[in-house]
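Predicted model only: the values in this text are computed from it and were never measured.
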Amino acid sequence: MTTTSGRTTRAASRTRLPRGALTPERIVETSLKLLDEHGTDGFSMPRLGKALGADQTAVYRHFSGKDDILLAVADRLLEEAFEGFAAQPYWADTLADVCRRVRGAYLAHPAAAALSGPRTTRRPAEMHAADAVIGALGDAGFDPAEAALLYRVVADFALLWSGGEAAFHSLDAETQAREADGWKRAYRAADPEEYPHIHRVRDPLFEVDSADVFETALRLLLDSMERRAPRGARPDPSG
């Protein structure tokens, strides 16, 4: 008994984190890694505690619970998205860059984005992102009321579109393949008498890439904003 207890105690001491090693940053990074490796169903407080080498209750010294951690993870995705960000000379290019950055970060971490993407984090990365978008809209000449509205349009487009893509990519590979194959078979088999318009585009429909869809939607959004903006014309590079 003594020997067994001694071995247990020594084993516990080897896995115990040094004092001060359990930081909010470490918890967020470990949570993100768990989501990347195990998907949405693989993230739990017991598994997080085990990955951290700490009792899960120790996490509550830094976060109020799982939801609070997910909000911090959502902010971490935005922090990653905006790494190296700088406003472009032309405001519409800045907005395009913001949307592409969000999509890139979400597709890099689909499970984390599926769980946390649509959330309002109220944390620094989100605030910096919002400030960048609103600054670009100010450069376009929109007054505060319209800038506030269009900020929501751009933010919702970037977050919800990218979150939707991420949610699909967070599914297991078998489910993704089944979904992709299922809709193709259904549309190819559509009765030309009942669905003549689907039948007309059935072949090019399956050649459309999700990145092209995103870029087309983004371009349509920005084109309409440029027509609406008081300072919407792109500067002549020749001066």
Side-chain angles (χ1 to χ4, degrees), residues 35-36 39-40 74 77-119 129-130 132-133 136-137 139-140 149-192 195-229 232-235 237:
L35 286 162
D36 286 344
T40 56
L77 294 184
L78 291 177
E79 183 181 329
E80 180 175 312
F82 279 81
E83 186 174 346
F85 169 81
Q88 303 295 311
Y90 182 51
W91 63 271
D93 292 338
T94 298
L95 297 181
D97 186 34
V98 167
C99 293
R100 290 175 183 135
R101 283 170 172 270
V102 171
R103 179 173 182 263
Y106 277 28
L107 291 182
H109 307 285
L115 285 180
S116 65
R119 305 294 300 278
V133 171
L137 294 169
D139 291 343
L149 172 63
L150 292 175
Y151 158 68
R152 285 293 309 275
V153 171
V154 173
D156 286 2
F157 170 79
L159 294 172
L160 297 178
W161 186 294
S162 302
E165 275 195 274
F168 177 77
H169 285 279
S170 71
L171 300 172
D172 63 83
E174 182 180 346
T175 302
Q176 288 186 49
R178 187 167 59 247
E179 287 292 317
D181 181 64
W183 83 269
K184 287 180 180 180
R185 285 190 287 104
Y187 278 63
R188 278 203 174 98
D191 185 345
Y195 308 107
H197 306 302
I198 293 176
H199 184 76
R200 184 173 66 88
V201 302
R202 68 190 184 284
D203 290 330
L205 184 63
F206 306 122
E207 298 173 5
V208 175
D209 179 79
S210 59
D212 292 334
V213 176
F214 172 80
E215 288 294 332
T216 300
L218 177 60
R219 189 68 260 161
L220 290 171
L221 173 63
L222 294 178
D223 284 349
S224 67
M225 291 176 67
E226 286 179 294
R227 290 193 295 271
R228 184 171 177 165
R234 182 180 292 276

Check whether the side chains of T175 and D172 place a donor and an acceptor atom closer than 3.5 Å, and report yes or no. yes
Between E80 and Y106: side-chain donor-acceptor atoms closer than 3.5 Å: no
Calculate, to the nearest 0.5 Å, the distance between atoms [atom1] and [atom2] belonging to [X] and [Y] respectively.
X    : Y    : atom1 : atom2 : value
L205 : E207 : CG    : CD    : 9.5 Å
H109 : L115 : NE2   : CG    : 13.5 Å
Q176 : H169 : CD    : NE2   : 6.0 Å
D36  : S170 : CG    : OG    : 11.5 Å
R227 : L222 : CZ    : CG    : 11.0 Å

Tell me whether the count of non-hydrogen atoms from other residues, nucleotides or ligands lying under 6.0 Å of CZ in F85 goes above 12. yes
Enclosure of F168 CZ (heavy-atom neighbours >12, cutoff 6.0 Å): yes
For [X] and [Y], which heavy atoms make the closest approach, and how far apart are they?
X    : Y    : result
A166 : P110 : O-CB, 3.4 Å
A136 : L95  : CB-CD2, 3.7 Å
C99  : A158 : SG-CB, 4.0 Å
A229 : A140 : CB-O, 3.7 Å
T94  : Q88  : OG1-N, 2.8 Å
A114 : T40  : CB-CG2, 4.4 Å

F157 vs F214 aromatic rings, parallel, tilted or perpendicular, using cut-offs 30° and 60°? parallel
Salt bridge check, D97 against R101: does any charged N sit closer than 4.0 Å to a carboxylate O? yes
Does the pair E226/R219 count as a salt bridge with the N-to-O cut at 4.0 Å? yes
Within the 4.5 Å heavy-atom criterion, are [X] and [Y] side-chain neighbours or not?
X    : Y    : answer
D181 : R178 : no
L220 : T216 : yes
V201 : F206 : no
L137 : M225 : yes
L218 : W161 : no

Pair H199, R202 - check side chain to side chain donor-acceptor pair (under 3.5 Å), show working. CA-CA 5 Å; H199 184 76; R202 68 190 184 284; 3.1 Å; yes
Exam field: side chain S162 to backbone L159, donor-acceptor pair closer than 3.5 Å: no
